[in-house]
Amino acid sequence: MQLRDTRVIVTGASRGIGLAIAETLHERGAQLVLVARESEELRAAGDRLGAQVIAADLTDPTTLAGVVEQAGDVEVLVNNAGMEMTKPLWEHETDDLRRIMQLNLLTPMELTRLVLPAMLNRRRGHIANVSSLAGAVSLPGYASYGASKAGLTHFTACLRADLRGTGVGATVIEIGTVRSDLLDAVKSVDTIRRSYGRLYKTGLFRDLDAEPVARATVRAIERGRRHVWLPRTAALAPALADLPRQVVGLITAGIRHR
Ligand SMILES: NC(=O)c1ccc[n+]([C@@H]2O[C@H](COP(=O)([O-])OP(=O)(O)OC[C@H]3O[C@@H](n4cnc5c(N)ncnc54)[C@H](OP(=O)(O)O)[C@@H]3O)[C@@H](O)[C@H]2O)c1
């Protein structure tokens, strides 16, 4: 899909991976709508990239219709905003599960539901969901985060089956560790640091910078690719997890909504 003059919403675009994706889209000439909670960082990113800025707390489902309305006629939605919750389930507090499942899974699903009718009418559009390898592998401390990302990955695959023949595409970005505030917070947890230490020793995992992840994401949107799997050395994990989906996709090829 050609991105020049295309209107794109990026959630979680005030810093980290979302900001890097927004910067790469800006280089391609996209018209940007940046969403995050109210902050100086968000306003500065908007000014620098000539973007519309929408301040919203995406853990609040009542904000979502307003976000899409303010954003106008978007052709690409990048669901990137996310939070970590790296602790055992028994240490979660009352509202933790609702917040993480809302921000990491339900909000992307609902934003997608809200933007799709216009994309389908136009027969042009793309949904890109920033998931995680934590949705394909299990680690201690990842019960809620891993479940939210496994849900987002599987949602994207099923959505793609729904979208066959519509002109609208969907990409899931399944990535390992990427240097950001979120990663710093995750690595402050002892169990996680020790788990990552073992994973790094396999030679398959390493911390990535946000920029190559952003470039791969934008290329995948342009080329209509189904997946971004990074680091490439760890791609076997999401590829194996995806195998049953691909096999059933082949068996049901050509079946479309009338
Ligand atoms: N970093 C990694 O190692 C890694 C690995 C795999 C997947 N991911 C995924 O990549 C995505 C981006 O992560 P990151 O590492 O770039 O994290 P980050 O640096 O913490 O950035 C998160 C972004 O989401 C926004 N956000 C957080 N809570 C929000 C809320 N309630 N409402 C609206 N916006 C909110 C933040 O802005 P405000 O806080 O200002 O609202 C910020 O713009 C997430 O979905 C994450 O799960 C990250």
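Just follow the structure's listing: the first ligand is 1, and inside any ligand the first atom is 1. Below, all heavy atoms of this structure are taken into account, side chains as well, without hydrogens, waters or symmetry copies.
Leu250 belongs to no hydrophobic cluster, as no Ile, Leu, Val, Met, Phe, Trp or Tyr side chain comes under 4.5 Å of its own.
Under the 4.0 Å criterion applied to side-chain N and carboxylate O atoms, Asp207 and Lys187 are assigned as salt-bridge partners.
Among residue pairs with one or both ends in residues 201-250, those qualifying as ring pair (Phe, Tyr, Trp, His ring centres under 6.0 Å) are His227-Trp229; sequence neighbours excluded. Pairs of residues two or more places apart, or lying in two chains, that qualify as ring pair (Phe, Tyr, Trp, His ring centres under 6.0 Å) and include a residue from residues 123-179 are Tyr142-Tyr145.
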Q. Could you walk me through whether Asp96 and Lys87 pass the salt bridge (Lys or Arg N to Asp or Glu O under 4.0 Å) check?
A. CA-CA 11 Å; Asp96 282 352; Lys87 52 189 176 185; 2.9 Å; yes

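Sorted by chain and number, the residues within 4.0 Å of ligand 1 by heavy atom are Gly12, Ala13, Ser14, Arg15, Gly16, Ile17, Ala36, Arg37, Ala56, Asp57, Leu58, Thr59, Asn80, Ala81, Gly82, Leu103, Val130, Ser131, Ser132, Tyr145, Lys149, Ile175, Gly176, Thr177, Val178, Ser180, Asp181, Leu182, Leu183.
A donor-acceptor contact shorter than 3.5 Å links the side chain of Thr171 to the backbone of Arg225.
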